[in-house]
J.: 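First the structure, which I've put down as structure tokens, then a few questions once you've had a look.
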Amino acid sequence: MTQYTNQSVRVRFAPSPTGELHLGGARTALFNWLFARSHNGTFLLRIEDTDKVRSKQNFVDQICESLNWMNCDWDEKLVYQSKRNDIYKKSIQKLLTSDNAYRCFCDKEELARIRGEREKAGLGYTYPGTCRSLTQNNIKVKLENNTLNVIRIKIPKGETKFSDSIYGEITVQNNELDDFIVARTDGSPTYNFTAVVDDNDMGITHIIRGEDHISNTPKQIILYNALGYGLPQFVHLPMILGPDKKRLSKRHGATGVQAFRDQGFLSSALVNYLALLGWNPGTEQELFRLEELIGEFSLERVLKKGAVFDIQKLEWVNQQTILKMKNEDILNSIHSINMLWGDSRYLDYLLSVIELMKPRCKTIIELMDSSDYFFDDPQEYDSKTMRKRWKTNEVNELIIYFMEVLKNIVTWTQENIEIELRKLSDIKELSPAKFIHPVRLAVSGAGAGPSLFHMMEVLGKDVCIRRLEKAVEILPIDHD
RNA sequence: GGCCCGUUCGUCUAGGGGUUAGGACGCCGCCCUCUCAAGGCGGUAACACGAGUUCGAUUCUCGUACGGGCUACCA
């Protein structure tokens, strides 16, 4: 078992700012963060922006915003790879002088052609090593002629093995590996190289990243060795998959963290659900507060198998989270996505609306959408309910009776409203439902919703009477 | 193609040589009930396949199948 006690944990999340933070990245960030926080360690953020064309500052901002929203705060300053070019240059020089890397003058197109042919023939391809043993003189001449060249790592003979915290022992024969490029023709370094240099410089103890990096690991280990660095612990996390079992991507629809926020998911719910993808606490608990996750999380209980992302379960977690939240906190979450919600009303009124609606929605967007009638008189009535509950003019008569009763209520509470309604239904020898359903339709426009009496209490006497009067005027509507 | 990784209900998962294979989401039914939710109760449904080891394998080993990842002057 890995020992964490001797050195303090330092981990990092290293996104490349070529897009917004997606679920896979969010999960990787979260597991890094949980691991750091549960070991009193340090969580760092590194921006892998060596691809100058695709990297954008606004994506950096978005990623940071998403992480902040998830409460995954990072320690120390952001590290931008684009600002570390001098350091990479020096390391590449070191590789060259120690004979662990070499200049390759091969033509890019020519190499691509050979690779294409090999692939067509169903054969594997690795760089043939043409430039591996160029003489000093040879190199000098080509350099003088300004021949374009890249720097390749010299993969040593033998095999490379490492022990992954999740996947266990992994061994790869070095001859399967390519003399891959560490610096491009323009001198800029490539991913496998910068990752190694930075992880070493940043003192990273555990490299926690997606399983898609397992095959990069042997290459990186060879670089660690070539540069004389000590090895960190490698920890590869299983992938998050779409319903087709392929790695989750844009193809599967909106997978950006911010899209989930905008759809009314709470960050604590998303975090809770994401934690459950590929990890479990070994108990039957499924709902966690962030602090509980920190307490429970351990790498030992991370699975090897990819997990399919299930929106329905996320919705359930979100609903459960809403249910447990204080109304004030729900209001804050609502206002964080729509500042104007309910701005014409008093705080107490908004809290009452939330109290009534919160067991009836999976997301806070749903909560907002389904509470319209607490703010505006219904503009239309649910047609199915209309046909079922307000078919004839007899209903109008009943509602008119009921309105008279309501007008006489002095203390407008749900109890009093209910007492009066039941009294009236007794008098008319009708079931209370004969009143309840049309009244709900008139007052809310909907066929379903919170307890009618509670709803009426919150809406207030004047509003209820006004809406009932209007309904009596226009209902029933003839349908053919 | 090659290399690496994986495989328990539809999905997330527990378990692990002998279990009625447990939980959760979803779905279905019942209860509660003024409707819809929430809640309660119950039901549906899984160890990929084949060998081997063993008294006994879903669990260990090896194959096969299937799935995924990587195989760039992307990260």
Side-chain angles (χ1 to χ4, degrees), chain A residues 14-18 48-51 53-55 81 104 108 111-112 115 118-126 148-152 164 166-168 170-173 175-178 180-186 188-192 194-195 210-219 236 238-239 241 243-247 273 276-287 303-317 319-320 323 357-362 370 385 389 418 421-422 425 431-437 439-441 444 446-453:
Chain A
S16 72
T18 53
E48 306 226 324
D49 53 355
T50 52
D51 185 333
V53 181
R54 294 196 304 146
S55 297
Q81 292 192 320
C104 168
K108 190 178 171 181
L111 253 23
R115 186 170 52 229
R118 300 268 312 178
E119 275 167 15
K120 233 193 294 180
L123 296 163
Y125 168 85
T126 51
L148 289 177
N149 68 90
V150 297
I151 316 284
R152 289 181 183 274
D164 187 272
I166 313 267
Y167 288 91
I170 292 172
T171 307
V172 170
Q173 298 306 312
N175 60 20
E176 299 289 342
L177 269 21
D178 198 77
F180 61 91
I181 292 170
V182 292
R184 305 180 181 100
T185 40
D186 66 357
S188 65
T190 58
Y191 163 72
N192 278 309
T194 55
E211 184 222 21
D212 49 338
H213 287 291
I214 285 185
S215 33
N216 282 322
T217 306
K219 298 180 192 176
H236 288 95
M239 303 271 89
L241 313 173
D244 58 359
K245 308 265 176 147
K246 290 194 200 306
R247 179 232 224 101
Y273 176 70
L276 257 19
L277 246 31
W279 171 85
N280 74 80
T283 65
E284 289 189 345
Q285 185 177 357
E286 299 209 87
L287 269 5
L303 268 19
K304 296 184 174 78
K305 196 183 136 189
V308 175
F309 178 79
D310 180 10
I311 187 81
Q312 287 188 314
K313 184 126 183 188
L314 203 216
E315 284 173 344
W316 176 77
V317 172
Q319 180 178 44
Q320 294 297 317
L323 229 32
M357 298 310 284
K358 72 174 175 178
R360 298 180 164 76
C361 59
K362 294 190 171 74
S370 55
T385 312
R389 309 289 193 186
E418 181 163 9
L421 183 140
R422 288 186 189 279
S425 70
S431 78
K434 291 277 184 234
F435 292 87
I436 287 171
H437 295 298
V439 171
R440 172 180 289 105
L441 183 68
S444 72
S451 156
L452 176 69
F453 310 112

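Predicted model, so just to flag it, every value in this text is computed and none were measured. Letters A, B, ... mirror the listed sequences (proteins, then strands); counts begin at 1.
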J.: Which letter, B, S or -, goes with each nucleotide of nucleotides 62-69 of chain B from 5' to 3', with contact meaning a protein heavy atom under 4.0 Å?
T.: ------SS

J.: For the pair made of OH in A:Tyr125 and P in B:G2, what is the distance, rounded to whole Å?
T.: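 Going from A:Tyr125 (OH) to B:G2 (P), I get 19 Å.
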
J.: For residues A:Arg152 and A:Asp178, determine if any side-chain heavy atom of one lies less than 4.5 Å from a side-chain heavy atom of the other.
T.: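 They are in contact (side-chain heavy atoms under 4.5 Å apart), so the answer is yes.
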
J.: Are any of the side-chain heavy atoms of A:Val317 and A:Leu287 separated by less than 4.5 Å?
T.: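 In contact.
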
J.: Grab the CD1-C1' distance between A:Ile311 and B:C25 for me, whole Å please.
T.: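 Distance, rounded to whole Å: 12 Å.
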
J.: Roughly how far apart, to the nearest Å, are B:G18 and B:U11 at atom C1'?
T.: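 Looking at atom C1' only, B:G18 and B:U11 are 30 Å apart.
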
J.: Is there a side-chain contact between A:Ile311 and A:Glu315 (heavy atoms, below 4.5 Å)?
T.: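 Heavy-atom side-chain distance check passes, below 4.5 Å.
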
J.: Under 4.5 Å between any side-chain heavy atoms of A:Tyr167 and A:Glu211, yes or no?
T.: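 Touching, per the 4.5 Å side-chain cut-off.
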
J.: Measure CD/A:Glu119 against P/B:U71 and give the value in whole Å, please.
T.: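 Value for this atom pair: 11 Å.
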
J.: Tell me, please, which residues at least two apart from A:Asp49 pass salt bridge (charged side-chain N to carboxylate O under 4.0 Å, His left out).
T.: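 With neighbours one apart ignored, the set is empty.
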
J.: Which value, in whole Å, describes the distance between the C1' atoms of nucleotides B:A21 and B:A46?
T.: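 That atom pair is separated by 9 Å.
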
J.: Going by purine N1 to pyrimidine N3 plus the second Watson-Crick contact, or the G-U wobble pair, all under 3.5 Å, which nucleotide sits opposite B:C25?
T.: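 WC or wobble partner is B:G10.
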
J.: Closer than 4.0 Å, any side-chain N/O of A:Thr50 to the OP1 or OP2 of B:A75?
T.: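 Affirmative; the distance criterion is met.
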
J.: Please tell me if A:Asn280 has a side-chain N or O lying less than 4.0 Å from either OP1 or OP2 of B:A14.
T.: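 Checking B:A14 against A:Asn280, a side-chain N or O does come within under 4.0 Å of OP1 or OP2.
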
J.: Taking atom P in both B:G50 and B:C31, what distance in whole Å separates the two?
T.: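 Going atom to atom, P in each nucleotide, I get 44 Å.
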
J.: Quantified in whole Å, what is the C1' atom distance between nucleotide B:A45 and nucleotide B:C9?
T.: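 Going atom to atom, C1' in each nucleotide, I get 5 Å.
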
J.: Anything under 30° is parallel, anything over 60° is perpendicular, the rest tilted; go ahead and classify A:Tyr191 against A:His213.
T.: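 Aromatic pair A:Tyr191/A:His213 classed tilted.
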
J.: Would you tell me if any nitrogen or oxygen in the side chain of A:Lys313 comes within less than 4.0 Å of OP1 or OP2 on B:U13?
T.: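 Negative; the distance criterion is not met.
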
J.: Rounded to whole angstrom units, what separation is found between the CG atom of A:Asn175 and the P atom of B:C4?
T.: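 Interatomic distance, CG of A:Asn175 to P of B:C4: 11 Å.
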
J.: Is there a side-chain contact between A:Asn192 and A:Lys219 (heavy atoms, below 4.5 Å)?
T.: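 The answer is yes; the side chains approach within 4.5 Å.
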
J.: Taking the nucleotide of RNA chain B with the nearest heavy atom to each, does A:Ile170 or A:Glu286 sit closer to the 5' end?
T.: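 The residue closer to the strand's 5' end, by nearest nucleotide, is A:Ile170.
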
J.: Do A:Pro432 and A:Arg422 make a side-chain contact, defined as non-hydrogen atoms from C-beta onward lying under 4.5 Å apart?
T.: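 When only atoms from C-beta onward are counted, A:Arg422 and A:Pro432 do touch, with a gap below 4.5 Å.
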
J.: Among B:G26, B:A72, B:U8, which nucleotide has an atom closest to any side-chain atom of A:Arg115?
T.: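 Of all the options, the side chain of A:Arg115 is nearest to B:A72.
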
J.: Atom CZ of A:Phe309 and atom C1' of B:G10: how far apart are they, to the nearest Å?
T.: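 After rounding, the gap between these two atoms is 16 Å.
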
J.: Taking only the P atom of each, what is the distance from B:C41 to B:C25 in whole angstrom?
T.: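 Going atom to atom, P in each nucleotide, I get 11 Å.
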
J.: Round to the nearest Å and state the distance from A:His236 atom NE2 to B:A75 atom C1'.
T.: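 So the NE2-C1' distance, A:His236 to B:A75, works out to 13 Å.
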
J.: With a 4.0 Å cut-off on heavy atoms, is A:Leu303 in touch with a base, just the backbone sugar-phosphate, or nothing at all?
T.: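 Sugar-phosphate contact only - A:Leu303 comes under 4.0 Å of backbone atoms but never of a base.
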
J.: Nearest to the A:Asp310 side chain among B:G10, B:U7, B:A75, which nucleotide is it?
T.: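 The nucleotide sitting nearest to the side chain is B:G10.
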
J.: Given the ring of A:Tyr273, does A:Lys313 sit roughly above its face, with NZ or CZ under 6.0 Å from the centre of the six-membered ring and within 45° of the axis?
T.: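 That pair does not qualify as a cation-pi contact.
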
J.: Do the non-hydrogen side-chain atoms of A:Val172 and A:Leu177 ever get within less than 4.5 Å of each other?
T.: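 With C-beta onward as the side chain, the pair touches.
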
J.: Rounded to whole angstrom, note down the P distance from B:U8 over to B:C12.
T.: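 So the two P atoms sit 8 Å from each other.
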
J.: Both distances under 3.5 Å, Watson-Crick or G-U wobble: report the partner of B:U58, or none.
T.: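 When the pairing criteria are applied, nothing turns out to pair with B:U58, so the answer is none.
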
J.: Write down the partner of B:U35 under the Watson-Crick or G-U wobble criteria, each distance required to be under 3.5 Å.
T.: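 With both distances under 3.5 Å required, B:U35 matches none.
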
J.: When you check the side-chain N and O atoms of A:Ser188 and A:Arg184, is any donor under 3.5 Å from an acceptor?
T.: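 On atom types as modelled, these side chains qualify, holding a pair under 3.5 Å.
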
J.: Mapping A:Pro189 and A:Glu176 to their closest nucleotides on RNA chain B, which lands nearer the 5' end?
T.: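 Nearest-nucleotide comparison on RNA chain B picks A:Glu176.
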
J.: Which whole-number value in Å describes the distance from A:Gln81 CD to B:C74 P?
T.: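 Nearest whole value for this atom pair: 14 Å.
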
J.: Which value, in whole Å, describes the distance between the C1' atoms of nucleotides B:A51 and B:A65?
T.: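 Between the two C1' atoms, the distance is 14 Å.
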
J.: Partner lookup for B:A48, please. Criteria are Watson-Crick or G-U wobble with both distances under 3.5 angstrom; report none if nothing qualifies.
T.: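 In the structure as shown, B:A48 has B:U64 as its Watson-Crick or wobble partner.
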
J.: Could you give the distance separating B:C5 and B:U61 at their P atoms, to the nearest angstrom?
T.: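 The same atom, P, in both gives a distance of 14 Å.
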
J.: Does the protein touch nucleotides 28-38 of chain B at the base, only the backbone, or not at all? Give it as B, S and - per nucleotide, heavy atoms under 4.0 Å.
T.: ------BBBBS

